[in-house]
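Have a look at the structure below, then the notes.
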Amino acid sequence: MTVQELPGAAAYRPTPPPAWKPLTDPAPLLPDPEPYRVLGTDAAADADPELLLRLYAELVRGRRYNAQATALTKQGRLAVYPSSTGQEACEIAAALVLEERDWLFPSYRDTLAAVARGLDPVEALTLLRGDRHTGYDPREHRIAPLCTPLATQLPHAVGLAHAARLKGDDVVALAMVGDGGTSEGDFHEALNFAAVWRAPVVFLVQNNGFAISVPLAKQTAAPSLAHKAVGYGMPGRLVDGNDAVAVHQVLGEAVARARRGEGPTLVEAVTYRMDAHTNADDATRYRVDSEVETWRAHDPVKLLERELTGRGLLGEDGIEEAREAAERMAAALRERMNADPVLDPMDLFSHVYTEQTGQLREQAARLRAELEAERDRHDDHGAEAGR
Amino acid sequence: MTTAAATTGARTAKTKPATMAQALGRALRDSMAEDPAVHVLGEDVGTLGGVFRITDGLAKEFGDDRCTDTPLAEAGILGAAVGMAMYGLRPVVEMQFDAFAYPAFEQLISHVAKMRNRTGGAMPLPITVRVPYGGGIGGVEHHSDSSEAYYMATPGLHVVTPATVDDAYGLLRASIASDDPVVFLEPKRLYWSKADWSPDAPADVEPIGRAVVRRPGRSATLITYGPSLPVCLEAAEAAVAEGWDLEVVDLRSLVPFDDETVAASVRRTGRAVVVHESTGFGGPGGEIAARITERCFHHLEAPVLRVAGFDIPYPPPMLERHHLPGVDRVLDAVARLQWEAEG
Ligand SMILES: Cc1ncc(C[n+]2csc(CCOP(=O)(O)OP(=O)(O)O)c2C)c(N)n1
């Protein structure tokens, strides 16, 4: 029996929200079969040179940041670091496309987007260093906490954007997720809510080919991840995630669309994770070097550099300048990360509730006594050694 | 395969040191070899062999259909396992980390735990859900939760947690063979603990639900499980200098709970401390203390004490040593067992 034969089915139309024109033709929602590109095409000539140079400087800094953070794991200064090398174009475009009043909802890999949005590089690393779960005030920066459970931040982005609109605020939320994360129920629920509420949200999927070891083919049977948008009633856009200008344009259009009140967009940026999943992962178990090499030829930094030099917008001096600025950032980061964070164990009890419960006060007192005893032992020991 | 089949093949020769992780992998392998209905599924369990390498080699030996890399969706993984079990398979599901099992709670609580009961016994679900749990490995947020109390509070689930290499093998074999669903909690900070245990001559397969006395003693009982067992054993050794001869009971299974072994021990010693790293309030220790009080009231010389993690969200790794109950906190509780009525 087909759906049409069900009694009443032919007459069925979902109740539309106010002023909502149900889409009967899915065609405008469908992504193009090929990822959108700008660099190396005629369209690049129309791009604002200032933006190109800004993107370039940020990409170079981002690349250096990833390298520095990974080096810090080797020196034991960071517990773990999931590098976004190879994905810098997505990270940077996500940050640069937003206005100050907008919100970013990053996943655990998106430190770089947070830093490019202006977050202090050390504050952005506290989660991964292990001293604080979130080293910054999300409200101050309009960056939600870097999120480890996959896709759980996406419904939050929808709710926040919805709330902003209810309040009459002109705010857009951009939420980032990996290809693997698109399999989680939260991803689907978030897309559905966003479309039904026409919330001003942009979903950016960074399809970097793998969820730890699992390749995209084992994650989805869809023609592309951008295609998933159609079933929810929002447009899906496919973009070359290594083309910073293209990502910036596509996200820019999606943000503008959301701001106009036209609802959410799902953007899939096709990119590649050049490093292992984290410094602790052994990528040779699940992928071959030749694949990585193929992608190296499509390096986001080199792509933009080639465009800029080819058009005479960037010379050796400019490249050197960007490199030096990145070095200065890395040196400062290294130096600041080399200092041990000063932690007060009593903070364990500080932020569980608005007001500490009696129970927690008791436990805090117990810990304080322990710490004092520890300090006394330490002092005695020191005094003895001094004798 | 029946429970009986799994519990007979007892071989006890022990030759070279093996880790708990290896013993768990061997238990999966042996179960799969013996019973074609046993399937392993989860995130990264195939090619990679799991992020802790517990399932290493299984896809190669048994094929992708028996050891399957699934899409990244815990509710989907466990929900699919429900259907597989309904059709006669024995799925073993891997949840990558404690806090990433939460998306699967709906399936676990509403279906896995209830299916036998709601079908009047017609549809048991022999599913094993492996969950690496607990802290002490310097993991970032969402990688160190002790979620055993949530599982314990759900009737219909067995909740099992080994603390030794032997038990890792034996209890996992028994869990997979069980016709009831088992939440198998793996203390991840003991993954690399070693013991003289030969993968070629696996140890006894213990039935689920029996606690064991790891160290006999006369003056008080430490009741513990999983990651806190080594802490308690160390505390017991340290307490000798203070004149305390502590008995250490390893529960091994939280559901079913071995009241007999626990009560027998506490009746002998008259004093008890429950030690675990999950929160104290609403944690497993409260239930255990209540059971002891109900059964041993007249034998108790002091209230049953609990040593647990603080009642806070699991802290960042640089502070976790202050949160996790260590030897000193256990000894402090033991000292408080010198209870006097006015105290
Ligand atoms: C709910 C949940 N399940 C499992 C994990 C463990 N985990 C961490 S990263 C990861 C892979 C994520 O892949 P993808 O979404 O593609 O993002 P990428 O790492 O490629 O940026 C997994 C399985 C998790 N963090 N959250």
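- In this structure, B:Phe310 and A:Leu367 have side chains that are in contact, with non-hydrogen atoms separated by less than 4.5 Å.
- Remark: A:Leu127 CG to B:His142 NE2 distance equals 8.5 Å, nearest 0.5 Å.
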Apply salt bridge (charged side-chain N to carboxylate O under 4.0 Å, His left out) to the pair A:Arg129 and B:Glu141, showing each step before the final yes or no.
CA-CA 11 Å; A:Arg129 178 164 66 179; B:Glu141 195 188 13; over 6 Å; no
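- Interface residues of residues 144-156 of chain A toward chain B, defined by a heavy-atom distance below 4.5 Å and sorted by number: A:Thr148, A:Pro149, A:Leu150.
- Residue-environment remark: CG (A:Asp344) exceeds the threshold of 12 foreign heavy atoms within 6.0 Å.
- The minimum heavy-atom distance linking B:Ala73 with A:Glu184 is given by the pair CA-OE1, 3.7 Å.
- Counting heavy-atom neighbours within 6.0 Å of B:Phe97 CZ, excluding the residue itself, gives a total above 12.
- Between atom CD of residue B:Glu320 and atom CG of residue A:Leu348 there is a gap of 11.0 Å, rounded to the nearest 0.5 Å.
- Between B:Leu72 and A:Ser183, the shortest heavy-atom contact is O-CB, 3.4 Å.
- A salt bridge is absent between A:Glu370 and B:Arg321: the closest approach of a Lys/Arg side-chain nitrogen to an acidic carboxylate oxygen does not fall below 4.0 angstrom.
- Shown here is A:Arg132, whose CZ atom has no more than 12 heavy atoms of other residues, nucleotides or ligands within 6.0 Å.
- Heavy atoms of A:Gln359 lying under 4.5 Å from chain B belong exclusively to its side chain.
- Taking a 6.0 Å sphere around CZ of B:Phe105, one finds it holds more than 12 heavy atoms contributed by other residues, nucleotides or ligands.
- In this structure, chain A has no heavy atom under 4.5 Å from any part of B:Thr68.
- Around CD of A:Glu355, the count of heavy atoms belonging to other residues, nucleotides or ligands within 6.0 Å does not exceed 12.
- When all heavy atoms are compared, the tightest approach of B:Leu319 to A:Pro345 is CD2-CA, 3.8 Å.
- Chosen from B:Asp311, B:Val51, B:Ile312, B:Val140, the residue pairing most often with chain A at heavy-atom distances under 4.5 Å is B:Asp311.
- Using a 4.5 Å cut-off between heavy atoms, A:Glu374 touches chain B through its side chain atoms alone.
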Taking it one step at a time, do B:His322 and A:Leu371 satisfy side-chain contact (heavy atoms from CB on, under 4.5 Å)?
CA-CA 9 Å; B:His322 298 291; A:Leu371 292 169; 3.5 Å; yes
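- Residues A:Lys218 and B:Asp44 are not paired through a salt bridge, judged by the lack of any N-O separation under 4.0 Å between the basic side chain and the carboxylate.
- Residue B:Gln96 touches chain A through its side chain alone, counting heavy-atom pairs closer than 4.5 Å.
- Considering only heavy-atom pairs separated by less than 4.5 Å from chain B, the leading option among A:Val80, A:Val214, A:Asp186, A:Thr134 is A:Val214.
- For the ring pair (Phe, Tyr, Trp, His ring centres under 6.0 Å) test, residues two or more places apart in sequence or in another chain that qualify with B:Tyr314 are B:His323.
- In A:Phe193, the CZ atom is not crowded: 12 or fewer heavy atoms of neighbouring residues, nucleotides or ligands sit closer than 6.0 Å.
- Contact annotation: the side chain of A:Val352 approaches that of B:Pro313 to within less than 4.5 Å [non-hydrogen atoms, C-beta and beyond].
- Of all the heavy atoms in A:Arg285 and B:Leu48, the pair that sits closest is NH1-O, 2.9 Å.
- Of all the heavy atoms in A:Ala79 and B:Gly138, the pair that sits closest is CB-O, 4.3 Å.
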